[in-house]
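Beneath this line is the structure, given in structure tokens, with notes to follow.
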Amino acid sequence: PTAVGKSDLCLNLAKKFQTEILSCDSRQFYQEMNRGTAKPSSEELAEIPHHFINNLTIHDSYDVRKYEEEALALLGQLFQKHGVVILTGGTGLFADVVVNGMDAIPEVAPEIREEIIQEYQSKGLTWLQGAVEEVDPEFYAQVDRGNPQRLMRALEIWRGTGLKFSSFRTKKKIKRPFEVIKIGLDRPREELYKRIDSRMDQMLSEGLFEEAEGLFEKRELNALQTLGYTEIFDFLEGKYDKEELIRLLKRNSRRYAKRQLTWFRRDPLIHWFHPSEEREILAFLANQIGLNPPKVATQL
RNA sequence: GGUGAUAUAGCUCAGUUGGUAGAGCAUCGGACUGAAAAUCCGUGAGUCGGUGGUUCGAGUCCACUUAUCACCA
């Protein structure tokens, strides 16, 4: 989860293994978003090569599939130089796609999605539900019906391909040409929340508010539909006062961490550690990879 | 010391003419296949400050009591 202490640990691991880091954090991609995304510092970035940080502009349109392609291509190169590469970040879906792949679903013209969004906004959720039920009853039976994004996705596939969204969803895992060892980091809830709260204070004192203010005109962009930024945009529109703003920033960050944990907890292959257990993590990794554990451990 | 007010869910409070309790916030759990820091679904909990009384029945009325706050000395 966010603020648990991923960056520090991964930096140390990367040094031990003399390798590079791939980020799978869907907001650290963007060059314009710095204060609110907890990117590694420029010193840290200089120390160890990081990928997928500052690789996009907020004006770029990007999605998981593109990330999958780029990450796999990059991994192909990195594995020629390194035996081990570190992938780290809190965007569960993106990490999952690198590890397990994703069903091949044809690309759909962006105009179709635009059109569906417009239609949904004027006709409402009931219309959307009816439309999906009609074209893809199998998917409709499984989907969370209150979730417009899911419903619109199914509809855009239907309109773009003439085939049911459910017909593409095999959920088969793709075998990658590398092995994956999953490490999960967690802390007692109270401890995590304290870190989240104080990190938000720190972000604000380092200029998050000013950064968001500067991006206000562009707030409709997808990249800026982001925790930490949207709350400030709403404040700037006069929806609440400063005290409430800070309360919401912290609360929503806590909720985000909870959602992340829900996502990761369901993966039985994750080995969980407290971030302070660096020695144990190294020993565990060395053992999994087949190195001599004591040798690695003594280098601490 | 005197007078008055308040005491109900973790917090702020509501509770109509007495029929064993609710709302917001917080919390907690879950979903997730091309928007994912997004989007959505669900949730528990209170010996109504304490004791006694009136009543078929009291958070609601009465007495005493404890705590807090305000004002007056």
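Note on naming: letters A, B, ... go to the chains in the order of the sequence lines (proteins, then strands), and numbering restarts at 1 for each one. What you are looking at is a predicted structure, and each value in this text was computed from that prediction instead of being measured.
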Fill in: Side chain of A:Arg259 (C-beta onward), nearest among B:G34, B:A31, B:U27
B:A31
Practice prompt. Indicate yes or no: does A:Arg176 engage A:Glu68 in a salt bridge with an N to O separation below 4.0 Å.
Written response: yes
Fill in: Distance, rounded to the nearest Å, where A:Phe29 contributes CZ and B:A35 contributes P
13 Å
Discussion item. Over all strands shown, is A:Glu68 touching base, sugar-phosphate only, or nothing at heavy-atom distances under 4.0 angstrom?
Written reply: nothing
Worksheet item: B:A35 C1' sits how many Å from A:Leu56 CG, rounded?
Response: 14 Å
Item to complete: Give one of base, sugar-phosphate or nothing for A:Phe139, where a contact means two heavy atoms less than 4.0 Å apart.
Response: nothing
Discussion item. Whether A:Glu119 and A:Arg159 form a salt bridge (side-chain N of Lys/Arg under 4.0 Å from carboxylate O of Asp/Glu) is what I want to check.
Written reply: yes
Discussion item. Need one value for A:Gly36: base, sugar-phosphate or nothing, where a base atom within 4.0 Å counts as base even if backbone is also close, heavy atoms only.
Written reply: base
Worksheet item: If we ignore angles and hydrogens, is there a donor and acceptor under 3.5 Å between the side chains of A:Thr57 and A:His59?
Response: no
Worksheet item: Within 45° of the six-membered ring axis of A:Tyr140 and under 6.0 Å from that ring's centre, is NZ or CZ of A:Arg145 located there?
Response: yes
Practice prompt. Answer with base, sugar-phosphate or nothing: what part of the nucleic acid does A:Asp25 contact at a heavy-atom distance below 4.0 Å?
Written response: base
Discussion item. Once you apply a heavy-atom cut-off of 4.0 Å, does A:Arg153 come out as touching a base, just sugar-phosphate, or nothing?
Written reply: base
Worksheet item: NA contact type, A:Lys66, heavy-atom cut-off 4.0 Å: base, sugar-phosphate, or nothing?
Response: nothing
Item to complete: Output yes when at least one side-chain N/O atom of A:Arg113 is less than 4.0 Å from OP1 or OP2 of B:A35, else no.
Response: yes
Worksheet item: Which part of the nucleic acid, if any, lies within reach of A:Thr91 when heavy atoms closer than 4.0 Å are counted: base, sugar-phosphate only, or nothing?
Response: sugar-phosphate
Item to complete: Determine the contact category for A:Phe165: base if any of its heavy atoms lies under 4.0 Å from a base atom, sugar-phosphate if only primed atoms, P, OP1 or OP2 are that close, otherwise nothing.
Response: sugar-phosphate
Worksheet entry | B:A38 OP1/OP2 closer than 4.0 Å to side-chain N/O of A:Tyr229 | no
Item to complete: Could you tell me the separation between the CD atom of A:Glu244 and the P atom of B:U12, rounded to a whole number of Å?
Response: 17 Å
Practice prompt. Would you mind telling me which of A:Ile21, A:Leu75, A:Leu78, A:Val85 makes a side chain to side chain contact (heavy atoms under 4.5 Å, CB included) with A:His51?
Written response: A:Leu78
Practice prompt. Compare the minimum distances between each of B:C41, B:A38, B:G34 and the side chain of A:Asp144, then state the nucleotide with the smallest one.
Written response: B:C41
Discussion item. Any side-chain N or O of A:Arg150 below 4.0 angstrom from OP1/OP2 of B:C41?
Written reply: no
Worksheet item: So what does A:Ser253 hit on the nucleic acid, given a heavy-atom distance under 4.0 Å: a base, only sugar-phosphate, or nothing?
Response: nothing
